[in-house]
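Values below: all heavy atoms of this structure, side chains included; hydrogens, waters and symmetry mates excluded. Just so we're on the same page: letters track the sequence lines, and every chain starts at 1.
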Amino acid sequence: MSDQELPKTYDPAQSEQKWYSLWLSRRYFHADEKSAIDHFSIVIPPPNVTGSLHIGHALNSTLQDILTRWMRMSGRNTLWLPGTDHAGIATQNVVERQLAKDHIDRHALGREKFIEKVWEWKKDYGGRIIAQLKRLGASCDWDRERFTMDEGLSRAVREVFVTLYEEGLIYRGERLINWCPRCHTALSDIEVEHEDEQGKLYHIGYPLSHDPSIRLVVATTRPETMLGDTAVAVHPLDPRYKDLIGKTVNLPLTSRTIPIIGDSILVDLEFGTGAVKVTPAHDFNDYEAGLRQKPELPRIKMLDEKGEVRNDIPDVLPDVMKLIHGKPAKKARGIVAELLHEQGYLIKTEEHAHSIGKCYRCKAVVEPYLSPQWFVKTGPLAKPAIKAVEDGKVRFVPKGWENTYFDWMRNIKDWCISRQIWWGHRIPAWYCDDCGEITVSRTDATACGKCKSKNIHQETDVLDTWFSSALWPFSTLGWPTKTPELARYYPTSVLVTSFDIIFFWVARMIMMGLHFMKEVPFKDVYIHALVRDAEGQKMSKSKGNVIDPLVMIDQYGTDAFRFTLAAFAAQGRDIKLSPERIEGYRNFANKLWNASRFVLMNIEKDFIPAKMVTQDASLADQWILSRLHSIMQEVRSALAEYRFNDVASGLYQFIWHEYCDWYLELSKTALNLDRNSTARQATQTTLVTVLETVLRLLHPIMPFITEELWQMIPESVRTKKAESIMVAAYPVPDQTQINRRIENEMQTVMELIMAIRNIRGEMNIAPSMQITAIVKVEQKELGEHLQKAEDYIKTLARIKDLRIGDRETKPKTAATAVIKGAEVYVPLEGILDLAQERDRLIKEIAKTSKDIDVFTRKLSNRDFIDKAPKAVVEKDTAKLDDLRTKHKKLEQNLEMLE
RNA sequence: GGGCGCUUAGCUCAGCGGGAGAGCACUGCCUUCACACGGCAGGGGCCACUGGUUCAAUCCCAGUAGCGCCCACCA
């Protein structure tokens, strides 16, 4: 390629497309299950098929890709297994809505036809998020892409279900569960989101049966459910009411007489009136209280599966029934309250804040609903899962999340796994119409397991989506078949996810993994931040604050976007993302691009790296190499500890502020030397070597631009002549290259240059003007060092005449700066503005005095001298000396000026 | 009600026992032959508040205030 062809700005679009398809065609993403090399494996948290890539996926996938690419470059047998989740309720809702546009109702369509429609939908749109992951540069092994409803995973689901049933860990029973009246299905406890709402507390007087003139006043937020009341509870020790226990009240609006019971658990003496209406079919506490009674309280359902008032509630007066049947719960509340008011039973209402449950999929208000459901008995599964984390077999990063996990797991309730929807894994249970037996089977049953009757029908419920996700780490690898993949890649190395699904997913994977594989599903769980918008709101479409990753990618390029995500992935923090930030990193990509342009322009096309000998390598060369190897070390340890932000900022800092700002400028002096000069060759070699190494270090975060640039670097420089950067080796630091002495020497040179630049800047000396500088050193040795760096100083500080020595003196009119071990004078005859120089010096002196104060105070403290570590005292003493010297010299210079 | 987290430069955030940092924004100068998606030089902070531990506290401990999140059956 020709240098002239390289444009001044990096164009992400063409490069991304080109390299991704090349990587795919060369099968770099493919993991070889036969390879015996140490493995590294990750399973992707499967996004919903209905999903389109949002910023959370982008962060999650970027971090996984960084780890995957890093490990692959480090020579591990690396698998990142992708796939999607069938997302039962969510997908069913999406397809239902789609059908509704054509005025088709799923019930009219029928179950089988509807499921066909969902599969069709999946075929058309399900691949969308996969395509988007590819745009992000995800290096997943696409050959192994799985779907939670595909054949293999369905087999795993059935195997797990039947086994747990046989072990008595799955059971069926009628229970009070959370019911979404909109989705028409049961939900598990964690699928209910609680929100505070301002409601009313209604005080209702229930007349005592034996003396209706006396009323027992109950307080409730849901008066409509009184139609299902089967008791009133009071505290057994409550002096106001305890004598009423065993008596009855007449339930208003009905012909029902219900008992007054004592229940110390249900009733809080302090709250409301101290008397509670008990509706066992519509409230979890009341349900439990009903079970505690001997005999159990009857459970009267007053709402149907749509959340509307039934028309067959026993005992309700016909007039009342006529008014409210078929009304949604909230409307019924108003009607009942009005009726109670009219008839004089409503004592008062007061404002009352309470939390209501909403469906996490559709946000409809969830009703407690009595119905037959399937459950997983979680206790026995949770126990080993708790232990695995306690024993460190699974490690949460950051560790704090372990508490969240423990809290939930130690109080875990049985998991309601049946859903009354159509899209999902249908429960493999068959009911016998003759003898009522339930047959649970790995294969489709054709006859009753007990009476052999062929008169059986399958359960219509499907399983909770999270049931199949819980098996993901092993079901995707072929389980229950003992595949080579399973043996090779399970347990996986790390799970990367966000905290909102620790309960839904992480905990359940650990339980299922331990139970069926006898081994944890992953060793590390890296919990990353949640992405929010610039105002800190959780992004949601309804708020209109969604940052679309694909728009960002189009606008700034995938690499800039990925770098932004990595830079903001600090542990335990929410990420607030704004486009300006991405723009900043787009500029960084461009900086890298132009630095590479510079390097490539300054080496010959057939460049052969020089064999570096120390005497050929300049101070700058040695310095940048030392810095490079330090950075390598930092980057590697940051990656190993999931400190992605440190990886990003470390590389940013090094590339921009050390390599570009300093080394590239310093290299110019050597590049101007004669073609055959060994010094020039050494610098060329250093330039290109550092660039090549940095590209490899950066590749996991910025895969595209690094590949584009790496391919332009002469083959002779690229390690092992790999054909792509993504299969080149990840850089390993060489301790012998790290040189403290060189770094210190360079530091002094840089300080000198900065001091002169400061004078130039503050004195308003035109950048184009070449000036004279005189450096008076305290010791000859330092002078010699600085003399060796003479060219650097001249070029970077724009000096035409530089004098360095221990016998130099200050010219009559000059600006002064003091650095460690030397004074710098810039003679400014004719231009010197005395007032300006005075101000500059005063500012500098003030700064120095302030520092001196701090250190003097510290060092005059006896206890500090006695008790602080020696090294600290010594360091501070030396520092104070330097500061005093500097201060004195500056003052002298100020005096001379006046 | 229980738990967790946060409060550092105008903004977004690192740092977490020994002289307060970054990016963006801001000010001045500069179209210097890698880059104006740029360069150089600057300005800007009682590190929320109050106590305590320590020779030393932005950092550790306790409390206060504000903000955020999670869990929970407050009728």
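- Taking the six-membered ring for Trp and thresholds of 30 and 60 degrees, A/Phe563 and A/Tyr652 have ring planes inclined between 30 and 60 degrees apart.
- The gap from the C1' atom of B/C37 to that of B/G21 amounts to 24 Å, rounded to the nearest Å.
- Counting heavy atoms from C-beta on, the side chains of A/Phe561 and A/Ile55 come closer than 4.5 Å.
- Counting any heavy atom pair closer than 4.0 Å across all strands shown, A/Lys8 reaches sugar-phosphate atoms only and no base atom.
- The side chain of A/Arg597 lies closest to B/A34 when the candidates are B/A34, B/U32, B/C37.
- In this structure, A/Lys591 reaches the B/G39 phosphate: one of its side-chain N or O atoms is under 4.0 Å from OP1 or OP2.
- Rounded to whole Å, the distance from CZ on A/Arg410 to C1' on B/G2 is 16 Å.
- Ring-centre distance between A/Phe396 and A/Trp401: not below the 6.0 Å cut-off.
- Within the nucleic acid shown, A/Arg757 comes within 4.0 Å of sugar-phosphate atoms alone, with no base atom in reach, counting heavy atoms only.
- Counting any heavy atom pair closer than 4.0 Å across all strands shown, A/Lys668 reaches a base atom.
- Only the C1' atoms considered, B/U8 is 11 Å distant from B/C59, to the nearest whole Å.
- Applying the salt bridge (charged side-chain N to carboxylate O under 4.0 Å, His left out) test to residues at least two apart or on different chains, the pairs with a partner in residues 578-594 of chain A are A/Glu583-A/Arg586.
- The nucleotide whose nearest atom lies closest to any side-chain atom of A/Leu664 is, among B/G19, B/A41, B/A34, B/A34.
- The backbone N or O of A/His282 sits nowhere less than 3.5 Å from a side-chain atom of A/Glu367 that would complete a donor-acceptor pair.
- Each of A/Asn403 and A/Glu762 was matched to the nucleotide of RNA chain B holding its nearest heavy atom; the match closer to the 5' end belongs to A/Asn403.
- In this structure, the side chain to side chain donor-acceptor pair (under 3.5 Å) partners of A/Tyr360, at least two apart in sequence or on a different chain, are A/Glu191, A/Trp466.
- Contact of the A/Ile799 side chain with the A/Ile771 side chain is registered, since non-hydrogen atoms from C-beta on lie closer than 4.5 Å.
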Can you give one letter per nucleotide of nucleotides 20-29 of chain B, going 5' to 3': B for a protein heavy atom under 4.0 Å from the base, S for sugar-phosphate only, - for none? ---B-----S
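- With sequence neighbours excluded, no residue forms a salt bridge (charged side-chain N to carboxylate O under 4.0 Å, His left out) with A/Asp791.
- The same atom, P, is picked in B/C47 and in B/G5; the two are 23 Å apart, to the nearest Å.
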Between protein and nucleotides 52-58 of chain B, map the contacts as a letter string: B base, S sugar-phosphate only, - none, heavy atoms under 4.0 Å, written 5' to 3'. ---B---
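- Taking the side chain as every heavy atom from C-beta outward, A/Thr816 and A/Glu837 approach each other to under 4.5 Å.
- Across all strands, A/Lys875 comes closer than 4.0 Å to no nucleic acid atom at all (heavy-atom distances).
- With rounding to the nearest 0.5 Å, the separation of CD1 in A/Ile347 from CZ in A/Arg215 is 6.0 Å.
- Distance check on atom P: B/C11 versus B/U64 gives 28 Å, rounded to whole Å.
- Note on residues 750-768 of chain A: pairs passing salt bridge (charged side-chain N to carboxylate O under 4.0 Å, His left out), not counting sequence neighbours, are A/Glu762-A/Lys843.
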Do any N or O atoms of the protein come closer than 3.5 Å to N or O atoms of nucleotides 71-75 of chain B, and which pairs are they?
residue : atom : partner  : partner atom : Å
B/C73   : O2'  : A/Asn285 : OD1          : 3.4
B/C73   : O2'  : A/Asn285 : ND2          : 2.0
B/C73   : N1   : A/Asn285 : OD1          : 3.0
B/C73   : O2   : A/Asn285 : OD1          : 2.4
B/C73   : O2   : A/Asn285 : ND2          : 3.4
B/A75   : OP2  : A/His352 : NE2          : 2.6
B/A75   : N6   : A/Asp268 : O            : 3.2
B/A75   : N6   : A/Phe271 : O            : 2.8
B/A75   : N6   : A/Gly274 : N            : 3.4
B/A75   : N1   : A/Asp268 : N            : 2.9
B/A75   : N1   : A/Asp268 : O            : 3.3

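- Within the 4.0 angstrom heavy-atom criterion, base atoms lie near A/Glu665.
- Side-chain contact check for A/Lys794 and A/Thr669: no donor-acceptor pair (N or O, by modelled atom type) lies under 3.5 Å.
- Picking from B/G19, B/C37, B/A34 the nucleotide with the shortest atom distance to the side chain of A/Phe598 gives B/A34.
- Among the protein residues, A/Asn411 comes within range of no part of the nucleic acid, since none of its heavy atoms lies under 4.0 Å from any strand.
- The separation of B/C30 from B/A20, taken at their P atoms, amounts to 35 Å, rounded to a whole angstrom.
- If you measure from atom CG of A/Asp559 to atom C1' of B/C37, you get 15 Å, rounded to the nearest angstrom.
- Of the P atoms belonging to B/C4 and B/G42, the separation is 46 Å, rounded to the nearest Å.
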Expected list for residues 194-206 of chain A: side-chain donor-acceptor pairs under 3.5 angstrom, two or more places apart:
residue  : atom : partner  : partner atom : Å
A/Glu195 : OE1  : A/Lys358 : NZ           : 3.2
A/Tyr206 : OH   : A/Asp229 : OD2          : 2.7

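- Remark: the backbone N or O of A/Ala638 is not paired with any side-chain donor or acceptor of A/Asp646 at under 3.5 angstrom.
- Annotation: B/A25 and B/C40 have their P atoms spaced 15 Å apart (nearest Å).
- Atom P of B/G39 sits at a distance of 14 Å from the matching atom of B/U32, rounded to the whole Å.
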Distance-only check: which donor-acceptor pairs under 3.5 Å involve side-chain atoms of residues 869-884 of chain A, not counting sequence neighbours?
residue  : atom : partner  : partner atom : Å
A/Asp876 : OD2  : A/Lys858 : NZ           : 2.9
A/Thr877 : OG1  : A/Val873 : O            : 2.6

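- More than 12 heavy atoms of other residues, nucleotides or ligands shown are found within 6.0 angstrom of CZ on A/Arg410.
- Within the 4.0 angstrom heavy-atom criterion, base atoms lie near A/Thr9.
- What separates CG of A/Asp839 from C1' of B/A41 is a distance of 16 Å, to the nearest Å.
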Restricting to nitrogen or oxygen on both sides, can you table the protein-nucleotides 59-62 of chain B pairs closer than 3.5 Å?
none

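- One donor-acceptor pair, N or O on each side, does fall under 3.5 Å between the base of B/G19 and the side chain of A/Asp851.
- Projected onto RNA chain B by closest heavy-atom contact, A/Lys843 and A/Arg798 fall at different nucleotides, the more 5' of which corresponds to A/Arg798.
- In RNA chain B, runs of at least 3 consecutive Watson-Crick or G-U pairs, each pair with both distances below 3.5 Å, span B:1-7 with B:65-71, B:10-13 with B:21-24, B:26-30 with B:38-42, B:48-52 with B:60-64.
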Let me have the donor-acceptor pairs involving side chains of residues 655-665 of chain A, under 3.5 Å, with sequence neighbours excluded, atom names and distances please.
residue  : atom : partner  : partner atom : Å
A/His657 : ND1  : A/Asp661 : OD2          : 2.9
A/Glu658 : OE1  : A/Arg627 : NE           : 3.3
A/Glu658 : OE1  : A/Arg627 : NH2          : 3.1
A/Glu658 : OE2  : A/Arg627 : NE           : 2.8
A/Tyr659 : OH   : A/Leu687 : O            : 2.7
A/Tyr663 : OH   : A/Asp621 : OD1          : 2.5
A/Glu665 : OE1  : A/Lys668 : NZ           : 3.1
A/Glu665 : OE2  : A/Lys668 : NZ           : 3.3

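- Remark: the A/Asn403 side chain and the A/Asp407 side chain contain no N/O donor-acceptor pair separated by less than 3.5 Å.
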